[in-house]
Amino acid sequence: MQLARALPILDVAPGLSKRPFLSIAVPTPIEPMPGFEGRVFVKRDDLVSPLYGGNKVRRWEWLLGEALDRGARTLLTVGGTGSTQVTSLSAHGRAAGLAVTAILFDQPDTEFVREALALDERFGAKLIRGGGYASTAYAALKAYRSAEKPYFIAPGASGPVANLAYVDAMLEVGRQVDAGELPRPDRIVTACGSGGTTVGLAIGAAMLGYETEVVGVRITDLIASNPITLRAFAMSTLRVLRAAGYPAGKLYPKLRMDHRFIGQGYGFSTPEAEAGARVYRDAFGVAGEVTYSGKALAALAAIAREHPQETILYWNTLSSTGRQI
Ligand SMILES: *Cc1c(COP(=O)(O)O)cnc(C)c1O
């Protein structure tokens with residue numbers, strides 16, 4: 001594999017170098033977040049790829065690597081009509097030479113949703129509208145049966161191997177701390193869907209010996225993501241790391257879910273999320289959205305108020321690249 005960057009995780013779990021990997025991400029900068037007097041920083045994972053950035057790219061390196069290694073021809077996934085996972089997979093899957101089919105369930109219609117659908121098509125994905133959750137699951141099964149050499153990626157794209165991406169990303173932050181770019185963060189705030197990001201960052205922070213607590217801001221239903229699914233993820237991810245040579249011994253990832261900002265549910269706006277979307281636009285120069293980053297930024301504002309002495313790192317999960325259509 002040709003690495004676009006040196007992966008810090010290979011230093012601590014060298015066995016991972018045997019896994020297939022598609023190098024498409026670049027290290028991302030950390031900057032002071034405007035409006036917080038210099039003690040809140042932002043990890044610019046929106047810039048993790050010039051093609052389409054944001055939260056899924058680091059995972060694709062492991063998942064698309066595996067798909068290519070298995071000789072897959074079609075990437076199949078399921079997401080909401082405004083799913084950034086679907087847009088990101090459309091961009092990076094097609095760039096890797098694979099067909100992409102996405103089965104979409106309905107979510108509240110917003111400008112961001114319409115923009116996402118246009119981008120999915122622009123990137124060359126085949127889109128199938130599934131309607132509600134049950135009919136979408138049925139349509140996905142049908143599409144899987146008729147697809148050529150399919151590789152399936154579940155909503156959230158998390159799993160013990162995909163989660164390694166965020167363990168590695170946290171070790172990348174460790175290097176930035178060592179280089180004096182920011183103090184050790186007391187707390188990290190990020191949007192929490194399936195929880196892979198939250199869990200990976202918390203494991204990475206524990207590996208670094210930090211006391212940092214990772215706060216996952218819940219943006220989806222409790223049935224899909226809750227403290228128990230997060231614990232299970234942490235354990236299965238640690239098992240992969242140990243199998244790859246990470247020295248056994250106790251690690252206590254510190255993580256917490258914040259349930260206060262979900263409103264009516266996945267994709268439904270709240271006044272706080274609208275305000276968060278405006279913060280996004282002002283900070284990053286592109287329109288924000290209310291499903292993930294709007295709610296996470298609403299939580300960031302509250303948490304920064306509640307902990308006025310702390311250094312806080314906001315983990316930006318929404319792409320700011322690839323969106324000018
Ligand atoms: C997928 C995604 C998340 C959530 O990440 P999880 O690891 O599933 O919790 C957050 N923000 C954006 C923009 C995403 O695409």
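Ligands are counted one by one from 1 in listed order, and the atoms in each one are counted from 1 as well. Heads up: numbering here begins at 1 and tracks the sequence.
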Could you tell me whether [X] atom [atom1] has more than 12 heavy atoms of other residues or ligands within 6.0 Å of it?
| X | atom1 | result |
| --- | --- | --- |
| Arg260 | CZ | yes |
| Arg73 | CZ | no |
| Glu306 | CD | yes |

**Message:** Is there a polar contact between ligand 1 and Leu318, counting only N or O atoms under 3.5 Å apart?
**Reply:** no
Any atoms of ligand 1 less than 4.0 Å from a non-hydrogen atom of [X]? List them with their elements.
| X | result |
| --- | --- |
| Arg59 | 5 (O), 6 (P), 7 (O), 8 (O) |
| Ser194 | 6 (P), 7 (O), 8 (O), 9 (O) |
| Cys192 | 9 (O) |
| Gly196 | 6 (P), 7 (O), 9 (O) |

* Ser88 and Trp60: side chain donor to acceptor below 3.5 Å ->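 A pair is found: one side chain offers a donor N or O, the other an acceptor, under 3.5 Å apart.
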Modelled atom types, side-chain donor and acceptor of Thr74 and Glu148, under 3.5 Å = no
Starting from [atom], locate the nearest protein heavy atom and write down its residue, its atom name and how far away it is, to 0.1 Å.
| atom | value |
| --- | --- |
| atom 15 (O) of ligand 1 | Thr84 OG1, 2.4 Å |
| atom 4 (C) of ligand 1 | Gly193 N, 3.6 Å |
| atom 2 (C) of ligand 1 | Lys56 NZ, 2.4 Å |

**Asked** Any side-chain heavy atom of Ser90 within less than 4.5 Å of one from Glu121?
**Response**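 A side-chain contact under 4.5 Å is absent here.
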Ignoring hydrogens and angles, write down the donor-acceptor pairs under 3.5 Å from the side chains of residues 241-256, residues two or more places apart or on other chains.
| residue | atom | partner | partner atom | Å |
| --- | --- | --- | --- | --- |
| Arg242 | NH2 | Gly249 | O | 2.6 |
| Lys254 | NZ | Glu211 | O | 3.1 |
| Arg256 | NE | Glu213 | OE1 | 3.0 |

Heavy-atom proximity to atom 10 (C) of ligand 1 ranks first, among Tyr166, Tyr292, Trp315, for Tyr292
>> I need the contact type for Thr197 against ligand 1. Using non-hydrogen atoms and a strict under-4.0 Å cut-off, is it side chain, backbone, both or neither?
In response: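 For Thr197, the contact with ligand 1 is made by both the backbone and the side chain.
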Contact region, Thr317 to ligand 1, non-hydrogen atoms below 4.0 Å, reads both
* Test item: Tyr280 side-chain N/O and Leu297 main-chain N/O as donor-acceptor pair under 3.5 Å ->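 Looks like no, no N/O pair under 3.5 Å.
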